[in-house]
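Residue numbers run from 1 in the order of the sequence given.
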Amino acid sequence: MIINFLFSKINIMESFLPKSKSELLLWPMHAFIILVVAGLCSGSSLEINGGDGVAAPREFDYFKLALQWPGTICQRSRYCCPSNACCRRLFGSNAPTGFTIHGLWPDYNDGTWPACCTRSSFDIKEISTLLDPLEKYWPSLSCGSPSKCSGGKGSFWGHEKKHGTCSSPVVGDEYNYFLTTLNVYFKYNVTRVLNEAGYVPSNSEKYPLGGIVSAIENAFHATPSLACSNGAVKELYICFYKDFKPRDCAVRSSLQNEIFSQSSCPKYVSLPAHVSLGVEDDGIAMS
């Protein structure tokens, strides 16, 4: 196929070769056309492809800070390992009690999102000075090894870098992506806002979803979005313009001509308190 493609270009060039003195004067223009056609056929434009050969998607519209509620996520845990923050009490440290970071995601207004905008590999050495706060506020809540943009499996942070690669027009490199996410998380402290409004972890209380949303709207002047599992808050999303000023977490439905906040939650929801996992005789922790 490549050989045929090359011969086709040669045939194009032969058709442009000057056949008389008058045509010779027009040869520079013909040569320019040849170069343009060849460039379009090869698809080598830097504006079309990323520097590493990956097709560059259109730039995102806004950021979504995705937060996880450990009390809900950890209920699904079946196994323990040192990398699973749900099991930290088994390894001599404290398990998270408030919202932790899932990721900072660049999103489109139509509800879709870009990912893996480059194939750059995750390098934990780049964020070595951030490891302590990352372990505390951005921990993995499972023992799984999620996929990476560069192929294969890796750490939770390596997996989340797939979003970081598409955030680079705003946040820059790997280090700044993780640092920016931490700073946004600290500045817009959802756990503190809800605690001050009386919404605290409980294995018995049910809270009005509207009250939780209102507490965040009053604090940040923007509407969040929530996702639930069996009536318990699983994730909460705070959205931002590219300058990190809060905005509503709303998307435009392609099926309905309206703006709506996506939510899988009932009118009354729970914020389960984290329950430490037990350990069986074979050393495998079960919830």
Point to revise | Leu104 reachable from Ile124 in the ILVMFWY side-chain graph, under 4.5 Å edges | key: yes

Review point. Tyr241 and Phe220: same hydrophobic cluster, using ILVMFWY side-chain contacts below 4.5 Å?
Key: no

Review point. Would the number of heavy atoms belonging to other residues, nucleotides or ligands and lying under 6.0 Å from CG of Asp132 be above 12?
Key: no

Check your understanding: Looking only at heavy atoms, which two atoms of Pro139 and Phe156 are closest? And how far apart?
Key -> O-CE2, 3.4 Å

Review point. Could you give the distance from CG (Asp61) to CG (Asn109), rounded to the nearest 0.5 Å?
Key: 4.0 Å

Study note, to complete from the structure: Taken to the nearest 0.5 Å, the spacing of Ser140 OG from Leu134 CG works out to 12.5 Å

Review point. Side chain of Asp107, backbone of Lys64: donor and acceptor closer than 3.5 Å?
Key: no

Practice item. Using a strict cut-off of less than 4.0 Å between a Lys/Arg side-chain nitrogen and an Asp/Glu carboxylate oxygen, indicate whether Glu59 and Lys242 qualify as a salt bridge. Key: yes

Review point. Do Leu271 and Leu141 share a hydrophobic cluster (ILVMFWY, side-chain heavy atoms under 4.5 Å, transitive)?
Key: no

Revision key, fill the gap. Rounded to the nearest 0.5 angstrom, the CG-SG distance for Leu226 and Cys265 is 5.0 Å

Check your understanding: Is the shortest distance from a Lys or Arg side-chain nitrogen in Arg58 or Asp110 to a carboxylate oxygen in the other one below 4.0 Å?
Key -> yes

Review point. Can you find a pair of side-chain heavy atoms, one from His163 and one from Pro106, that are under 4.5 Å apart?
Key: yes

Exercise for review: I would like to know whether Cys80 and Cys86 meet disulfide (SG to SG under 2.5 Å); could you show each step before the answer?
Suggested key: CA-CA 8 Å; Cys80 270; Cys86 296; over 6 Å; no

Point to revise | Residue pairs involving residues 175-195 (criterion side chain to side chain donor-acceptor pair (under 3.5 Å); sequence neighbours excluded) | key: Asp173-Asn176

Practice item. Rounded to the nearest 0.5 Å, what's the gap from CD1 on Ile216 to CG on Leu236? Could you check? Key: 4.5 Å

Review point. Any side-chain heavy-atom pair from Pro224 and Tyr237 closer than 4.5 angstrom?
Key: no

Check your understanding: Are the side chains of Arg76 and Lys234 in touch, meaning some heavy atoms are under 4.5 Å apart?
Key -> yes

Check your understanding: Taking the six-membered ring for Trp, are Tyr199 and Tyr207 parallel (under 30°), tilted (30 to 60°) or perpendicular (over 60°)?
Key -> perpendicular

**Study point:** NZ (Lys206) with more than 12 external heavy atoms under 6.0 Å
**Key:** yes

Practice item. Taking Thr223 for its side chain and Cys249 for its backbone only, find out whether a donor-acceptor pair lies under 3.5 Å. Key: no

Review point. Is any side-chain heavy atom of Trp105 closer than 4.5 Å to a side-chain heavy atom of Phe60?
Key: no

Review point. Measuring from Lys136:NZ to Leu182:CG, what's the distance to the nearest 0.5 Å?
Key: 12.0 Å

Revision key, fill the gap. Correct closest heavy-atom pair for Cys239 and Tyr62 would be SG-CE1, 3.7 Å

**Study point:** Backbone of Ala66 reached by a side-chain donor or acceptor of Glu235 within 3.5 Å
**Key:** no

Point to revise | N/O donor-acceptor pair under 3.5 Å between Ser128 side chain and Lys125 backbone | key: yes

Review point. Would you say the SG of Cys87 sits under 2.5 Å from the SG of Cys81?
Key: no

Check your understanding: Honestly curious: do Val200 and Val269 fall in one hydrophobic cluster under the side-chain, below-4.5 Å linking rule?
Key -> yes

Check your understanding: Can you tell me if Thr72 uses its side chain to pair, donor with acceptor, with the backbone of Val233 under 3.5 Å?
Key -> yes

Check your understanding: Do you know which two heavy atoms are closest between Lys161 and Ser121, and how far apart they sit?
Key -> NZ-O, 2.8 Å

Study note, to complete from the structure: Between the CG atom in Asn230 and the OG atom in Ser270, the distance rounded to the nearest 0.5 Å is 9.0 Å

Exercise for review: Could you tell me which non-hydrogen atom of Gly71 sits nearest to which non-hydrogen atom of Gln75, and how far apart they are?
Suggested key: O-CG, 3.1 Å

Point to revise | Side-chain donor/acceptor of Thr165 to backbone N/O of Cys117, under 3.5 Å | key: yes

Practice item. On the 0 to 90° scale, with breaks at 30° and 60°, tag the Phe244-Phe240 ring pair as parallel, tilted or perpendicular. Key: tilted

Review point. In this structure, are over 12 heavy atoms from other groups packed under 6.0 Å from Asp243 atom CG?
Key: yes

Review point. Checking Trp138 side chain against Thr100 main chain: does a donor-acceptor pair fall under 3.5 Å?
Key: no

Review point. Would you say the side-chain atoms of Trp157 pair up with the backbone N or O of Phe122, donor to acceptor, closer than 3.5 Å?
Key: no

Revision key, fill the gap. Nearest heavy-atom contact between Glu160 and Gly103 is OE1-CA, 3.5 Å

Review point. How far apart are the C-alpha atoms of Trp69 and Phe99, what are their side-chain angles, what is the distance that settles it, and do they pass the ring pair (Phe, Tyr, Trp, His ring centres under 6.0 Å) test?
Key: CA-CA 5 Å; Trp69 184 256; Phe99 280 103; 4.8 Å; yes

Practice item. Could you check Cys166 against Cys116 for disulfide (SG to SG under 2.5 Å), going step by step and ending with a plain yes or no? Key: CA-CA 7 Å; Cys166 301; Cys116 297; over 6 Å; no

Exercise for review: Examine Ile127 and Val171 and state if one hydrophobic cluster contains both, with Ile, Leu, Val, Met, Phe, Trp and Tyr joined whenever side-chain heavy atoms are less than 4.5 Å apart.
Suggested key: yes

